[in-house]
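Below is one structure, written out as structure tokens; the observations come after it.
We're numbering straight along the sequence, starting at 1.
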Amino acid sequence: MTPQDLQAKVGQNIGVSDWFEVSQERINKFAEATGDFQFIHIDEEKAKLTPFGGTIAHGFLTLSLIPVLSSMTEGARVTDVKMGVNYGGNKTRFISPVRAGKRVRAHVKLLALEEKRPGQWQQVNEYTIEIEGEEKPALIAEWIMQFFV
């Protein structure tokens, strides 16, 4: 699909990813990578005593799953992209914690697509990260990327 074809879908849902498990091992590796060793993420026994009833993923871990969930999304996407880069975010809200072992998936809504200069496009998507079997999502984030065709 061309950028112009995708542009016609602004305001629409453009995909849903496959399910992705957030394992305790992934949470531990994220803690190691970021230096965030708060017990609610890594100490399974202490975390059982909290209202969460066990360990939970870091909010930023859940946010950082956007690229992998996007790659698992069947839906509208531009072909022949030479390169894509993260540009930033407008809004991010952490709604519900993701407990270790739960599966999440992304629902993607195209909010904007604008050509910044010839061949350089800026896309704003709203990602709602759903937690399997739970009513409230883990997070809702507006994320911006730029791509080049």
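- Residues Leu61 and Thr34 have side chains not in contact (no heavy-atom distance under 4.5 Å, counting atoms from C-beta outward).
- Both Trp143 and Met72 are members of a single hydrophobic cluster when ILVMFWY side chains are connected at heavy-atom separations under 4.5 Å.
- Considering only heavy atoms from C-beta on, Arg77 stays 4.5 Å or farther from Phe147 through its side chain.
- In this structure, OG on Ser96 lies 9.0 Å from CD on Glu135, to the nearest 0.5 angstrom.
- One finds the NZ atom of Lys136 at 8.0 Å from the CD1 atom of Ile95 (value rounded to the nearest 0.5 Å).
- Only one option out of Val98, Ile129, Val22 pairs with Leu65 in a side chain to side chain contact (heavy atoms under 4.5 Å, CB included); it is Val22.
- With contacts defined as side-chain heavy-atom distances shorter than 4.5 Å, the pair Gln120/Gln146 qualifies.
- Both Val108 and Val81 are assigned to one and the same hydrophobic cluster, defined by single-linkage of ILVMFWY side chains at heavy-atom distances under 4.5 Å.
- No side-chain donor-acceptor contact under 3.5 Å links Thr50 to the backbone of Lys46.
- A donor-acceptor pair under 3.5 Å links the side-chain atoms of Asp36 to the main chain of Gln38, judged by distance alone.
- Counting heavy atoms from C-beta outward, Leu6 and Leu110 have side chains that approach closer than 4.5 Å.
- Residues Val104 and Lys102 have side chains not in contact (no heavy-atom distance under 4.5 Å, counting atoms from C-beta outward).
- Here the side chains of Phe94 and Leu139 are in contact, with some heavy-atom distance below 4.5 Å.
- The neighbour count for Tyr87 OH, taken as heavy atoms of other residues, nucleotides or ligands under 6.0 Å away, does not exceed 12.
- Aromatic ring pairs are classed by plane angle as parallel below 30°, tilted from 30° to 60° and perpendicular above 60°; the pair Phe30 and His58 is tilted.
- Ile14 and Ile144 are assigned to two separate hydrophobic clusters, defined by single-linkage of ILVMFWY side chains at heavy-atom distances under 4.5 Å.
- In this structure, the separation between CZ on Phe37 and CG on Asn28 is 9.0 Å, given to the nearest 0.5 Å.
- Atom CE of Met145 and atom CE of Met83 lie 9.5 Å apart (nearest 0.5 Å).
- More than 12 heavy atoms of other shown residues, nucleotides or ligands fall within 6.0 angstrom of atom CZ in Phe39.
- Taking the side chain as every heavy atom from C-beta outward, Trp121 and Gln4 approach each other to under 4.5 Å.
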request  = Check step by step if side chain to side chain contact (heavy atoms under 4.5 Å, CB included) holds for Ile56 and His41.
outcome  = CA-CA 5 Å; Ile56 59 171; His41 304 303; 4.0 Å; yes
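- Counting all heavy atoms, side chain and backbone alike, Thr62 lies closest to Ala57 at OG1-CB, 4.1 Å.
- Hydrophobic cluster membership is shared by Ile131 and Val68, with clusters built from Ile, Leu, Val, Met, Phe, Trp and Tyr side chains linked at under 4.5 angstrom.
- A single hydrophobic cluster is not seen to contain both Ile140 and Val16; linkage of ILVMFWY side chains at heavy-atom distances under 4.5 Å, directly or through other members, places them apart.
- For the atom pair CD of Glu45 and NZ of Lys48, the computed distance is 4.0 Å after rounding to the nearest 0.5 Å.
- Surrounding CZ of Arg105 are more than 12 heavy atoms belonging to other residues, nucleotides or ligands, all under 6.0 Å away.
- For the residue pair Gln24 / Thr55, a side-chain donor-acceptor distance below 3.5 Å is found, with atom types taken as modelled.
- Interatomic distance, CD of Glu134 versus CZ of Arg103, reported as 13.0 Å (0.5 Å rounding).
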